[in-house]
Amino acid sequence: MFIILGTLGATTPLLFASLGEMVVERSGVLNLSIEGMMATGAAVAFAIATLTGSLTLGFAAGALAAALLSVIFGWLVLASLANQVAAGLAIGLLGLGVSALVGKPFEGNTIAGLGKLNIFGLAHVPVIGPILFGQDIMVYSGIALIVATTFLFKRTKLGLIIRAVGEAPTAARDIGYPVVRIRLCCIAFGGLMAGLGGAYLAIAYTALWAEGLVAGRGWIAVALVVFGSWTPLRIAIGVYVFGAISLLELSIQGLGIYIPSQFLSASPYIVTIVVLAFISRDAAYLRLNRPLALGKVFRSDG
C-alpha cells in the first residue's frame, strides 16, 4: 500500500510532462527541452507560492513560465526552421539556468504543501480509502489528463487534425489546415504541462526548493513517450511502473535487505534504458507507431 500511495504522488510530475510531450510529438515536433521547462516551472512556482502564499498562483505562474519557454522553442523550430534537437537542447539549458537564477534566493526553503482531499468522506476507509479518495487534486487531474488525451486522439476531430499534421504536414496544409499554428499550440500545451509537472514537484510533492530538484525527470518523460509508443494509456502505465520502481528503495530498506542505495536510486533509469534499447531493436515497431514527420523541418511556403 505504501508503494501505491507513494507512486501516485511521485509520478504526477512525470505524467503531466510525458503526456504534454506526447501531444507535441504527435504534431511532428520533437521537444528535448522538457527538463529545463520543468525546472523553470518548479522554480517560478515555488518563488510565487512563497511570496504570495498562494499555491494556485504558484501553479499558474510555473505553467506560464514553462509555456513561455516553449513558445521561444516553437519560434526557433517553426519560424526560424532551426534543428529541433539543437533548439531543444539550447532551450533546455536556458530553462535550467533560469531555474537556478530564480530559485537561488529560496534555496533550502520549505512551504506548506498541497493538502489531501477526502472525497465523499471515504479517505479513512482501510486500504482503498487513502488510495482512491485521499489524494491531492493534482493527482486526480493527472488521471483526468490520461482520459482527456485518450479521448482527444481517439474520438475528436482535433485529435485527427493533430495526427494528420504529425504524419503528413504538407498534405494537411494542402487541404487547408494551418500546420505551423497547430504545431505551435501543441508546443505551448506541452510547455504548460511540463510547467505544471515541475510546479507540482516543488510546491506539492516535496514542498521545498533545491537546485537540481527535477533530477532528470524531463529526460525520463521524453523516453516514456517512446516507451508508451505515443499512446496515452501506455505512457501512463510506463509512468506508474517507473514510479513504483523508484520507490522500491525505501521499501527494500524498510525490510532490512541490504542493497547499495546508489544502485536502487539508479534502478528506474537503468530499467528505462534497457526497455528503450529493447524497443529500439524493432525498427518496424517504431516506424509503425512513431509520427512520420517527427523531427522533420516543415517549410510552410512549400
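All residue numbers in this chain count up from 1 along the given sequence. Side chains included, hydrogens not; waters and symmetry mates left out as well; all remaining heavy atoms used.
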- prompt: How about Leu224 and Phe227: do any of their side-chain heavy atoms sit closer than 4.5 Å?
  reply: yes

message: For the backbone of Leu292 and the side chain of Glu167, can you confirm whether one donor and one acceptor N or O come within less than 3.5 Å of each other?
response: yes

Pairwise side-chain contact, Trp219 with Leu32, heavy-atom cut-off 4.5 Å (strictly under): yes

field: Considering all heavy atoms, the nearest Val44-Gly62 contact
entry: CG1-N, 4.1 Å

statement: Tightest non-hydrogen contact, residues Val179 and Pro169, listed as CG2-O, 3.3 Å

message: Applying a strict under-4.5 Å side-chain criterion to I, L, V, M, F, W and Y, I'd like to know whether Val297 and Leu78 cluster together.
response: no

Any donor-acceptor N or O pair under 3.5 Å, side chains Arg234, Ser229: yes

message: In this structure, would Leu96 and Ile220 fall into the same cluster of hydrophobic residues linked by side-chain contacts under 4.5 Å?
response: no

field: Distance, nearest 0.5 Å, that separates CG of Leu64 from CG of Leu57
entry: 10.5 Å

field: Arg217 side chain to Leu213 backbone, donor-acceptor under 3.5 Å
entry: yes

- prompt: Could you state the interatomic distance from OH (Tyr200) to CG (Leu14), rounded to the nearest 0.5 Å?
  reply: 12.0 Å

field: Cluster overlap Leu192 with Val147, hydrophobic side-chain contacts below 4.5 Å
entry: no

query: Should Phe298 and Thr170 count as side-chain neighbours, where that means a heavy-atom distance under 4.5 Å?
result: yes

message: If I take atom CD1 from residue Ile162 and atom CG from residue Leu158, how far apart are they, to the nearest 0.5 angstrom?
response: 4.0 Å

message: With a 4.5 Å cut-off on side-chain heavy atoms, are Leu94 and Phe73 touching?
response: no

message: Treating Glu21 as the side-chain partner and Val222 as the backbone partner, does any N or O pair qualify as donor plus acceptor under 3.5 Å?
response: no

- line: The reported gap from CG in Leu68 to CE in Met37 (rounded to nearest 0.5 angstrom) is 9.5 Å

- request: Determine, using the 4.5 Å side-chain heavy-atom cutoff (strictly less than), whether Ile182 and Leu160 are members of one ILVMFWY cluster.
  value: no

Verdict with supporting geometry, Leu114 and Ile203, side-chain contact (heavy atoms from CB on, under 4.5 Å): CA-CA 7 Å; Leu114 195 61; Ile203 64 178; over 6 Å; no

- prompt: side chain to side chain contact (heavy atoms under 4.5 Å, CB included) with Pro105: which residues, sequence neighbours excluded?
  reply: none

field: Chi angles and distances behind the side-chain contact (heavy atoms from CB on, under 4.5 Å) call for Gln84, Asn31
entry: CA-CA 7 Å; Gln84 293 180 12; Asn31 182 5; over 6 Å; no

- request: Kindly indicate, with the supporting measurements, whether the criterion side-chain contact (heavy atoms from CB on, under 4.5 Å) is fulfilled by Met138 and Phe59.
  value: CA-CA 10 Å; Met138 295 302 291; Phe59 276 113; 3.8 Å; yes

- prompt: Got Phe153 and Val23 here, is their nearest side-chain heavy-atom distance under 4.5 Å?
  reply: yes

- prompt: Short question: side chain of Ser33, backbone of Gly36 - any donor-acceptor pair under 3.5 Å?
  reply: no

message: Using side-chain heavy atoms (C-beta onward) and a distance below 4.5 Å, is Leu117 in contact with Gln135?
response: no

- prompt: Between Asn83 and Val77, which heavy-atom pair has the shortest distance, and what is it?
  reply: O-CG1, 4.5 Å

message: I'd like to know if the side chain of Arg26 and the backbone of Trp230 have a donor-acceptor N/O pair within less than 3.5 Å.
response: yes

- line: Between the CZ atom in Arg155 and the CG atom in Leu152, the distance rounded to the nearest 0.5 Å is 12.5 Å

field: Minimum heavy-atom distance between Gly74 and Leu184, given as atom pair plus value
entry: CA-CD1, 4.1 Å

query: Are there more than 12 heavy atoms of other residues, nucleotides or ligands under 6.0 Å from atom CD1 of Ile137?
result: no

- prompt: Taking all non-hydrogen atoms of both residues, which atom of Ala65 and which atom of Thr40 are closest, and how far apart?
  reply: CB-CG2, 3.9 Å

- prompt: So, for Ala188 and Ala67, which heavy atoms are closest and what is the spacing to 0.1 Å?
  reply: O-CB, 4.2 Å

- prompt: Quick one: does Phe189's side chain get under 4.5 Å of Val24's, heavy atoms only?
  reply: no

message: Can you classify the ring geometry of Phe46 versus Trp209 as parallel (below 30°), tilted (30 to 60°) or perpendicular (above 60°)?
response: tilted

- prompt: Does a side-chain heavy-atom distance below 4.5 Å link Leu15 with Tyr240?
  reply: yes

message: Using the rule that Ile, Leu, Val, Met, Phe, Trp and Tyr join whenever any side-chain heavy atoms are under 4.5 Å apart, tell me whether Val29 and Val71 fall into a single cluster.
response: no

query: If you draw a 6.0 Å radius around CD in Glu211, do more than 12 non-hydrogen atoms from other residues or ligands fall strictly inside?
result: no

- request: Give, for atom CZ of Arg163 and atom NZ of Lys154, the distance between the pair rounded to the nearest 0.5 Å.
  value: 8.0 Å

query: Does the side-chain contact (heavy atoms from CB on, under 4.5 Å) test come out yes or no for Val85 and Leu30, once each step is laid out?
result: CA-CA 7 Å; Val85 173; Leu30 177 63; 4.1 Å; yes

